[in-house]
Amino acid sequence: MQFANPAALWLLTAAIPLASMYFLKVRRRRVEVPSVMLWSDVLRNERRARPWDRFRKHWLFLLQLLALLLLTLALAAPTVPGTKALGRSVVWVLDGSASMAARSPEPTRFAQAQHLVLGELGRLGTGDEGMLILASATPRVVVSFTRDKERLATEVRSATVSGAAGNLETAVDLAVSLTRNRPDRTVVVVTDGSDRSLDRALLRHPSVRVEQVGRPAPNVAITAIDLRRSPTVDLESELFVTLRRFGGEQQPVGIEVSLDGELVATEVVDVAADRPTGRVYRGLGDSGGLVRIRLDTGDALAVDDEAVAWLEPSRRRRVLCVACTVLTGRGLAADPRFDVVSAGAFTSAEGFDVVVFEGVAVPEDPGAPFLALGPLVLGAAEVPEEVRWPRVTAWRKSHPTLRFVEPADLNISRARPPSRGLWEPLVESNQGPLLSTGLQAGRRAVALHFRPVDSDLPLRVAYPLFLLNSVSWLTGEQGRSQQRTLAAGQPLLREGWGLEGEEVRLEAPGGDTVVAPIRDGVARFGGLDQVGVYKLMGPNGRQERVAVNLASEFESDLSVIVHEAPAASGGAPIQASAAGRVSILRPILLLIALLLVLEWVLYQKRYRDA
Amino acid sequence: MLDPGFLARLEALALKSRRRVSGGRAGLHRSQRRGQSMEFVDHREYVPGDDIRHLDWHLAGRLDKLFIKLFEAREDRTVRILLDGSSSMSGAKWDAAQRASAAAAYASLCGLDRVQVFTCTDRARTDGKPLRGRAAVHRIFRFLQKSKASGPTDLARVLRSLPQARGGGITVLITDLWDPAGVDECLARLGHLGGEAHLLHVLDPRELDPGVLRGDLTLVDSETGEEVSVTLDRPTRERFKAAAREWLEEAEELARRRGVTYFRLDASGDVEEDLLAWLQAAEDSWQLKRAARGLGR
């Protein structure tokens, strides 16, 4: 026998006070009788005839001692080697994606799914265990394996649907991996079938059972929303919206567009069935704000009838160009969004959004994001060793600074690549990094590790593009609106919001607040699964609002898609028991209960019988 | 002490003796001697000096020999009433024992017997010599009323200390038989006192059935102060009840063997009826014996 909690054996010392109390508490009532002659004879004969009877009067005490011993054993959680009978292990993967909020049938598909799971929960046997996984953008284990049906039922009832697209494939993978060691396992997916990734999961795990909920219903939805620079008016943006009708006939839909609560446009549009309808709204001005578009549909799913987008205020960015060549200066001045000021030497970055250093050393803290053209020498640091004719071997195409820039056949006569590990290289050569990006004093920085004039880069179209990309990225101009308008379920990353270890708070549309510490300069938040406007609050009072939309054609399509698992191949027979250590807690508790009953009976017989 | 109705009923039931008495004084009891009563007993041949008034002339006519008719003599007797006055007799038993003593004394006095009452603890105490005549009943009652049940008992010693009954007589022992010497010793001593012995065994049913007692108890002997610790549960109670029954049967059997008339008196019941029954039983027993002797003759 082994004990999971041997410390509980100390409870055995309670036998000492128990014995003391027992023997001290026996206060015999004194009763005067005419004579004890017969009593003496009776007791003498009794002891002679049944010597064990002398213990009879201490039976209650002995039973109490035994009960204490068993209680101690029970607390010590004893186990013995044996074969452990295992019950069923059932995992319910509850689809918590946005389409489950559809009111088809009433009240919602999610409520129907909850009802279904609760029904199956009620049919669980005593030894069966259950687990609940809520599948939205990222799967979440709401309750791990437990035999506590009440707890499971409570969690099922309190589960809520998210505003994000689902990811059932990941959820099913998770469920299967968590039940891998369970001999008799069942994974049940309760879904309306909106997530097509479930088919892939069923191919991999044909034993998974799918319970279908929901009823087909027509739905009009906003499936895309974007803000883009106006091609005609400088510093202005226009709103681009895609509408789509799923099922039913073409019908007119009322649309309202507002900016910070002020109505900007309103119209009625005939949204064709099963075909996207694009709408563009202009006249949003350059002051920025929260753009909200609302459809008047009254259909089964409300979450996709409204979308929000964050419009950045437009203004010219001031760029200080230190020791810049003419080519660099002209390249930057080509974009009307930038107001370029040239200077021979750096004095202060105050009043500038970005500083461009060309061929000069960069101060330790220039006071603004910077672009270093030429070897990067920060403060009094040593100048890196020069290399000759480095050849480009790799580059990160996806980085905003390299948008439409092809560095593959770049010819560089000399460069001074820094030692590795400090910054993230964007362009690699056979002799070291040629372009890197990183954080300097908490601000973005981009460094070209060779002088432009030592290469044929200034002669290429890519040069002004690289300059404008870099400056846009450094000022945060590029993609700023995109960063502040997300699809539900996407993670949120913010860098440059404070020092290491400081915290950034995110307030959800429902009022809940999440705190994320800054690690490696970045504050990371998990999938934002509520549709609406989130509020981000930095350590120095910095604030930002982030718009989150469903914008998912799959979720808005309320036709019920039936997913069927392929025929399950014959696997190994299910083993209902497993060798291991078996807890003997239950028999001990039963024995304690029996002892207590026996003690009660004895007590009644001894003291209560007339 | 006794109500007049009960006393009136007692008058008709004098304590009869199965034996012939030899009290010395004329009384109502058959004597071992031949006397002047009307009760014919036997014949014997005439010898000079006999009272010729007792010659049986019919027999002389038939047999031509002179025979004297012998008649039974009637004498009084001494009734000794021994009342156990130990602590164990206190309570209802003491009340019943006092009334039994009084009843026995009154019935005996009505039968023209001499009555002497003793209270017995570790020694016998009495109010004087045997008393005779109904008038003595007040003195006996006063003595009984003054007596208390207290102290230890040693009945065997007390019985040993009493003189043998001369010329028959009756000894009535009223006790609960809780004596350290044991029942057999007491009864043996009682039997050896001579005359006829009666044992009125006074019992309180509660001391033979401890139904009201339960749990962990220390029983204290009212006489000796001896303590016995007992856990009174159902089996122990049953065993005690069985032992008590056995003890009673043994007492009755021993009394029978020792020639002692045994009668059990329930202290919690109707004492007067019990006493009347006892006296009636004693009389019936005498009548039966007399009738048997008559038949045998």
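Per chain, numbering begins at 1; letters A, B, ... match sequence-line order.
Heavy atoms from other residues, nucleotides or ligands lying under 6.0 Å from CZ of B:Arg123 number 12 at most.
In summary, B:Glu252 and B:Arg256 do not engage in a salt bridge, as defined by a charged side-chain N under 4.0 Å from a carboxylate O. Here A:Glu32 does not pair with A:Arg30 in a salt bridge; the nearest charged N to carboxylate O distance is not below 4.0 Å.
Contact count versus chain A (heavy atoms, under 4.5 Å) is highest, among B:Glu227, B:Met89, B:Lys93, B:Arg206, for B:Glu227. Ranked by heavy-atom pairs under 4.5 Å with chain A, the list B:Val230, B:Thr224, B:Val228, B:Leu219 is led by B:Leu219.
With a 4.5 angstrom heavy-atom cutoff, A:Val42 touches chain B only via side-chain atoms. With a 4.5 angstrom heavy-atom cutoff, B:Glu226 touches chain A via backbone and side-chain atoms both. If you measure heavy-atom distances from B:Asp179 to chain A, the contacts under 4.5 Å come from the backbone alone.
For the residue pair A:Glu120 and A:Trp92, a side-chain donor N or O sits within less than 3.5 Å of a side-chain acceptor on the partner.
The closest side-chain heavy-atom distance from B:Leu248 to B:Tyr262 is below 4.5 Å.
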